[in-house]
Asks: 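Got a structure for you, written out below as structure tokens; questions coming shortly.
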Amino acid sequence: MKSQPPRSSPDRRIRLQKAISAAGLMSRRAAEDLIRGERVTIDGRTARLGDRVDPDASVVEVDGSRLPLAPHLVTYLVNKPPGVVSTTSDPHAPRTVVELVPHSPRVWPVGRLDQRSEGLILVSNDGELTNLVTHPRYGISKTYRVLVAGVPGRATVRRLTKGVQLEDGPARALQARLVDRTPREAQLEVVMGEGRNREIRRMMKSLGYPVRRLVRVSIGPIRDVTLRPGRWRKLSNREVAALYRAASRE
């Protein structure tokens with residue numbers, strides 16, 4: 001999905017350093033230093049002091065990483081409880097994740113988290129950010145805490161990173177480690193680089209360790225241990241910029 005910013009107007013153009021500062025990303029003086037150092041571009045060209053931009057329409061980047069300036073774009077971080085579906089609407093579901101956040105502006109889930117799973121998910125009207133977070137090529141990883149029945153050994157945990165053959169092709173975790181165990185169950189931390197349907201659940205089941213609970217604890221650099229289930233908060237422009245930086249490193 002691509003967000004639709006308002007059409008550019010000369011009346012909305014403001015000085016570049018003011019736009020960066022107004023977004024809460026840095027001071028105006030720091031923005032001026034970056035511009036002087038030729039580290040800022042506007043729509044692909046090197047910026048100069050005195051340049052003016054439309055925050056709704058201009059693409060401003062620092063060191064190749066886009067800055068979130070458009071005030072009409074909003075991204076929420078939601079701690080999804082189990083039973084809530086990650087879709088805009090579902091007549092068969094008790095509740096959708098978009099019903100947990102303000103009704104205006106219209107937003108959509110960024111990626112998926114299956115109905116039984118819980119934890120962090122983004123909800124946004126930013127099409128560019130949605131593409132960066134959901135497409136595997138940009139390398140925005142997601143970290144999960146996974147409670148499984150039984151206690152997998154080291155060789156089984158290594159299988160997760162070496163690859164597990166599923167019905168729709170091989171699946172592989174970027175990282176996996178055992179973080180806790182009891183005689184009957186264990187908790188793993190699993191980092192994934194893609195988000196196929198119920199991927200971790202299917203991987204663990206194929207290895208003989210069905211998932212009892214699955215919680216997403218981070219999306220790239222975004223993590224919040226204080227956000228309670230069913231609650232949300234708006235991402236700051238600094239956090240959105242961090243997601244853009246994480247994607248631009250790949």
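For reference, positions follow the sequence shown, starting with 1.
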Asks: Give, for atom CD1 of Ile222 and atom CD1 of Ile121, the distance between the pair rounded to the nearest 0.5 Å.
Replies: 14.0 Å

Asks: Is it true that a side-chain atom of Ser21 and a backbone atom of Gln17 form a donor plus acceptor pair closer than 3.5 Å?
Replies: no

Asks: Main chain of Ala23, side chain of Asn237: is a donor-acceptor contact present, judged purely on distance under 3.5 Å?
Replies: yes

Asks: Would you mind telling me which of Arg15, Lys18, Arg45 makes a salt bridge (charged side-chain N to carboxylate O under 4.0 Å, His left out) with Asp51?
Replies: Arg45

Asks: How about CZ on Arg233, more than 12 heavy atoms from neighbouring residues, nucleotides or ligands closer than 6.0 Å, or not?
Replies: yes

Asks: If I compare all heavy atoms of Ala171 with all of Glu199, which pair ends up nearest, and what's the gap?
Replies: CB-OE2, 3.3 Å

Asks: Kindly indicate whether the side chain of Val190, heavy atoms from C-beta on, has any atom under 4.5 Å from the side chain of Leu174.
Replies: no

Asks: Just verifying a value: how many Å separate Thr134 OG1 and Glu194 CD, rounded to the nearest 0.5 Å?
Replies: 12.0 Å

Asks: Would Asp224 and Thr226 satisfy side-chain hydrogen bond (donor to acceptor under 3.5 Å, both in side chains), going step by step from the backbone distance to the final call?
Replies: CA-CA 5 Å; Asp224 190 336; Thr226 68; 2.6 Å; yes

Asks: Is a donor on one side and an acceptor on the other found under 3.5 Å between the side chain of Asn125 and the backbone of Val74?
Replies: yes

Asks: What verdict does the salt bridge (charged side-chain N to carboxylate O under 4.0 Å, His left out) test give for Glu185 and Arg212, after you've listed the backbone C-alpha separation in whole Å, the side-chain angles of each residue and the deciding distance to 0.1 Å?
Replies: CA-CA 9 Å; Glu185 60 185 16; Arg212 289 182 172 173; 2.7 Å; yes

Asks: Does any N or O in the side chain of Arg13 come within less than 3.5 Å of the main-chain N or O of Arg52, such that one atom is a donor and the other an acceptor?
Replies: yes

Asks: Which residue pairs pass the side-chain hydrogen bond (donor to acceptor under 3.5 Å, both in side chains) test when at least one of the two sits in residues 161-173, sequence neighbours left out?
Replies: Glu167-Arg202, Asp168-Arg196, Asp168-Arg202

Asks: Could you point out which residue of Arg216, Lys80, Arg201 forms a salt bridge (charged side-chain N to carboxylate O under 4.0 Å, His left out) with Asp114?
Replies: Arg201

Asks: State yes or no: do Val97 and Val110 share one hydrophobic cluster built from I, L, V, M, F, W and Y residues joined by side-chain heavy-atom distances below 4.5 Å, directly or via other members?
Replies: no

Asks: Tell me, do Arg112 and Ser86 make a side-chain contact under 4.5 Å, heavy atoms counted?
Replies: yes

Asks: Kindly indicate whether the side chain of His72, heavy atoms from C-beta on, has any atom under 4.5 Å from the side chain of Asp56.
Replies: yes

Asks: Quick one: do Leu67 and Leu49 end up in the same hydrophobic cluster if we chain Ile, Leu, Val, Met, Phe, Trp and Tyr together by side-chain heavy atoms under 4.5 Å apart?
Replies: yes

Asks: Considering all heavy atoms of both residues, which atom of Leu243 and which atom of Leu235 are nearest to each other, and what is their separation?
Replies: CD1-CD1, 4.1 Å

Asks: OG/Ser218 to CD1/Ile140 distance, rounded to the nearest 0.5 angstrom?
Replies: 10.5 Å

Asks: Would Ile20 end up clustered with Leu129 when hydrophobic side chains under 4.5 Å apart are linked, directly or stepwise?
Replies: no

Asks: Any donor-acceptor pair under 3.5 Å linking the side chain of Ser65 with the backbone of Val62?
Replies: no

Asks: What do you reckon, is CD of Glu99 surrounded by more than 12 foreign heavy atoms closer than 6.0 Å?
Replies: yes

Asks: Minimum heavy-atom separation for Pro94 and Gly83, please, with both atom names.
Replies: CG-O, 3.5 Å

Asks: Between Gln187 and Arg181, does the side-chain hydrogen bond (donor to acceptor under 3.5 Å, both in side chains) criterion hold? Intermediate values first, please.
Replies: CA-CA 6 Å; Gln187 184 176 123; Arg181 59 183 292 176; over 6 Å; no

Asks: So, Thr96 side chain and Val85 main chain: donor-acceptor pair closer than 3.5 Å or not?
Replies: no

Asks: Same cluster or not: are Val148 and Leu178 linked, directly or through other Ile, Leu, Val, Met, Phe, Trp or Tyr residues, by side-chain heavy atoms under 4.5 angstrom apart?
Replies: yes

Asks: Within the distance-only criterion (no hydrogens, no angle test), does the side chain of Ser58 pair as donor or acceptor with the backbone N or O of Val60 below 3.5 angstrom?
Replies: no

Asks: What is the minimum heavy-atom distance between Val78 and Leu227, and which atoms define it?
Replies: C-CD2, 4.1 Å

Asks: Look at the side chain of Asn79 and the backbone N and O of Gly230, then say whether any donor-acceptor pair between them is shorter than 3.5 Å.
Replies: no

Asks: How long is the span from the CZ atom in Arg29 to the CG atom in Leu34, to the nearest 0.5 Å?
Replies: 13.0 Å

Asks: Donor-acceptor check, side chain of Arg184 to backbone of Gly150, threshold 3.5 angstrom: yes or no?
Replies: no

Asks: Does some side-chain heavy atom of Arg154 sit less than 4.5 Å from a side-chain heavy atom of Arg159?
Replies: no

Asks: Please report the interatomic distance CG(Leu132) to CZ(Arg137), rounded to the nearest 0.5 Å.
Replies: 9.5 Å

Asks: Measure across Ala241 and Leu25 and return the closest heavy-atom pair with its distance rounded to 0.1 Å.
Replies: CB-CD2, 4.0 Å

Asks: Quick one, Val164 and Leu166 - any side-chain contact, counting heavy atoms below 4.5 Å?
Replies: yes

Asks: Please determine whether residues Tyr144 and Leu147 belong to a single hydrophobic cluster, defined as Ile, Leu, Val, Met, Phe, Trp and Tyr linked transitively by side-chain heavy-atom distances below 4.5 Å.
Replies: no

Asks: Start with the C-alpha gap between Thr130 and Trp108, add the side-chain angles, then the distance that decides, and say whether side-chain hydrogen bond (donor to acceptor under 3.5 Å, both in side chains) holds.
Replies: CA-CA 9 Å; Thr130 297; Trp108 56 80; 2.9 Å; yes

Asks: Examine distances only and state if a side-chain atom of Trp232 and a backbone atom of Leu100 form a donor-acceptor pair shorter than 3.5 Å.
Replies: yes

Asks: Is the shortest side-chain heavy-atom distance between Leu16 and Val40 below 4.5 Å?
Replies: yes

Asks: Mind listing the closest non-hydrogen atom pair of Leu113 and Gly119 along with its distance?
Replies: CD2-O, 3.8 Å

Asks: Any side-chain heavy-atom pair from Tyr76 and Leu122 closer than 4.5 angstrom?
Replies: no

Asks: Are the side chains of Tyr244 and Glu61 in touch, meaning some heavy atoms are under 4.5 Å apart?
Replies: no

